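The structure appears right after this line, and notes come after that.
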Amino acid sequence: MKTISVALLAIGGVSLACFGNPPGVQGVAGTAPAPNVFWTPPRAPEGASASGPSSLPELPPDLATRIQQLKLTDVIDVALRNNTATRASWAQARAAAASYGAAKGQWYPSISLDGTATSLKRAPTGFSSVAGQQFYGPTLNLSWLLLDFGGRSGSIGEAREALLAADWTHNAAVQNVVLAVQQAYFQYMGAKALLAAQQTTLKEAQTNLEAANQRHRVGLATIADVLQARTALSQAQLALESIEGELQTTRGALALSMGLPANIPYNIGLPPDTTLLLGVADSVETLIERAVRERPDLAAARASARAAQARVSVARAQALPSLSVGGNDGRTYFFNNPASGNSYSATLTLQIPLFSGWSQIYNVKAAAAAAQAAAQQARGLEQQVIYQVFNSYYALRTATQRVRTSGDLLGSATQSEQVALGRYRAGAGSLLDLLSAEAALADARAQTIQARFSWYVALAGLAHDAGILGLDGSSPLHLQIDTTGTR
């Protein structure tokens, strides 16, 4: 007994040693040895990444040759080719199409061919000896649902509406990508324009410092003027460095929106500031009506609501009788015996559900409640769409007014700076007046640039919210020159 006890203790100790620690993975410990240290991952093979092989997205060959001269349409094209959201929505739509095709197969009979081989041996009895038979043969089976009171048509209708919802969802994903690319593009363009404007401001600050030094050398200005000019130059340089950092950030964000690495070398030329920014001629009621009719995500929600309603028919049919026909035709062949025989059968089956614990009743209630919820969700989304169009419409009108007002502000600030510069050079004005005028001019430049590119973003947002944003970023919005000063 003592020997057995020692053996059991040894086995228990080995078990604790083996199972007390978590299992290892790929030759390393399964967890960190303590809560205050890192877990050491297994060493990856040479030339292999931790997540497996992956290929970086590339530019299309037709765009790779002009990577330094990309336009907005090129950027959108690259994004739509590389974006994972559009690829996923497209794959989901194809899966829904395949499911719809499979559901339509319920209208047709089901035919199968079976083949069997049997060895049969009967035990001897008092009246017979041991007997054995070996035979084989094919059997052709057929079954066809004739009537189920809406269950089959409801299942097919559900699959059809699910396909429509997936297609509309794909269209919405494409429009979302186009909008995101346009927003990133105009933010990058705005940063480039701000950089150019700030470079002009920096040159003006350098000119002022040189003028202050010259006037100080000839005794027409005090050292205070030189220090103020030097401070203004440092402030302009600091602002330029901040804009340069923002430019790189927006550049990386634009590359990300295209589905490309942030460090990929590309360039987008700054368009000339000659585009006439127009007002929208369409009324907000017209755009709302069109959005309610054509907005893809709203159409997807409505299709999902119809699919949920079709599931009610499927659940209701499970509690109703069904009628089906079936049959089979077979032939039997015997081993070592030339004899053979045919067999066939035909059946007409009427199935009447009687009782299943009230589950069928509750299934119908659950499907009806789910259909009502889906319908209310679609209605709620419609209200959100109306608000989004309304909000985007007046945001664009505000952006148009800001462009006009900022243009007037820039003109006034430019004239004020020129007058202050002339007065300072003539000795009639102070450096403080000149610096204040140039600060106002720099702010006016920034506001003009921001207002201009915000107008482009607002226009794209309105087209997106109305559901009419095209693959190239264009839209059928009607624009007109605003001559009233109020529209």
Side-chain angles (χ1 to χ4, degrees), residues 90-167 303 306-364 366-367:
W90 179 66
Q92 291 170 352
R94 289 174 62 86
S99 299
Y100 177 49
K104 291 174 66 176
Q106 299 178 55
W107 288 115
Y108 303 99
S110 177
I111 303 175
S112 64
L113 179 63
D114 301 336
T116 59
T118 305
S119 178
L120 179 63
K121 186 176 182 180
R122 293 194 299 267
T125 64
F127 303 98
S128 63
S129 60
V130 177
Q133 285 182 332
Q134 294 82 31
F135 53 90
Y136 65 95
T139 303
L140 184 65
N141 304 298
L142 180 143
S143 62
W144 195 356
L145 178 63
L146 300 179
L147 180 65
D148 66 347
F149 293 95
R152 176 172 48 187
S153 59
S155 178
I156 296 174
E158 178 186 357
R160 180 179 62 252
E161 297 301 333
L163 171 58
L164 294 176
D167 287 332
R306 292 192 297 269
Q309 186 62 41
R311 284 194 289 270
V312 178
S313 300
V314 176
R316 186 178 293 115
Q318 293 176 355
L320 298 176
S322 63
L323 181 64
S324 60
V325 63
N328 61 73
D329 184 11
R331 187 174 181 84
T332 303
Y333 299 92
F334 294 90
F335 290 99
N336 302 323
N337 190 339
S340 62
N342 294 330
S343 62
Y344 62 89
S345 66
T347 59
L348 183 66
T349 304
L350 176 64
Q351 183 179 9
I352 303 176
L354 296 179
F355 181 73
S356 60
W358 297 285
S359 61
Q360 296 165 343
I361 297 176
Y362 286 112
N363 287 338
V364 174

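Heavy-atom basis, side chains included; hydrogens, waters and symmetry copies ignored. Small disclaimer: the values here were computed from a predicted structure and weren't measured.
Side chain of W144 to backbone of W107: a donor-acceptor contact under 3.5 angstrom is found. Of the possible donor and acceptor atoms, one in the side chain of S153 sits under 3.5 Å from a partner among the backbone N and O of G150.
A pairwise comparison of heavy atoms in A162 and A307 identifies N-CB, 4.3 Å as the closest pair. Across all their heavy atoms, A310 and G154 have their closest contact at CB-O, 3.5 Å. Looking at every heavy atom in both residues, Q106 comes nearest to S155 through NE2-OG, 3.1 Å. In plain terms, the two heavy atoms of G151 and V314 that are nearest each other are O-CG2, 3.7 Å. Across all their heavy atoms, A117 and Y136 have their closest contact at CA-CB, 3.9 Å. The two residues P353 and Q360 have their closest heavy-atom pair at CB-NE2, 3.7 Å.
Within 6.0 Å of atom OH in Y108, 12 or fewer heavy atoms from other residues, nucleotides or ligands are found, so the atom counts as exposed in its surroundings.
In this structure, S343 OG and D329 CG are separated by 7.0 Å, a value rounded to the nearest 0.5 Å. Here the straight-line distance linking atom CG of N328 with atom CG of L142 works out to 9.5 Å at 0.5 Å rounding. Atom CZ of R331 sits about 14.0 Å away from atom CG of L140, to the nearest 0.5 Å. One distance of note links CG of L145 with OG of S324; it measures 6.5 Å at 0.5 Å rounding.
Two residues are said to be in side-chain contact when any heavy atoms from C-beta on lie closer than 4.5 Å; L164 and E161 meet this criterion. The shortest side-chain heavy-atom distance between Y100 and I156 falls under the 4.5 Å cut-off. A 4.5 Å side-chain heavy-atom check between S313 and F149 finds every atom pair outside the cut-off.
Looking at L147, D148, I352 one by one, the single match for side chain to side chain contact (heavy atoms under 4.5 Å, CB included) with P321 turns out to be I352.
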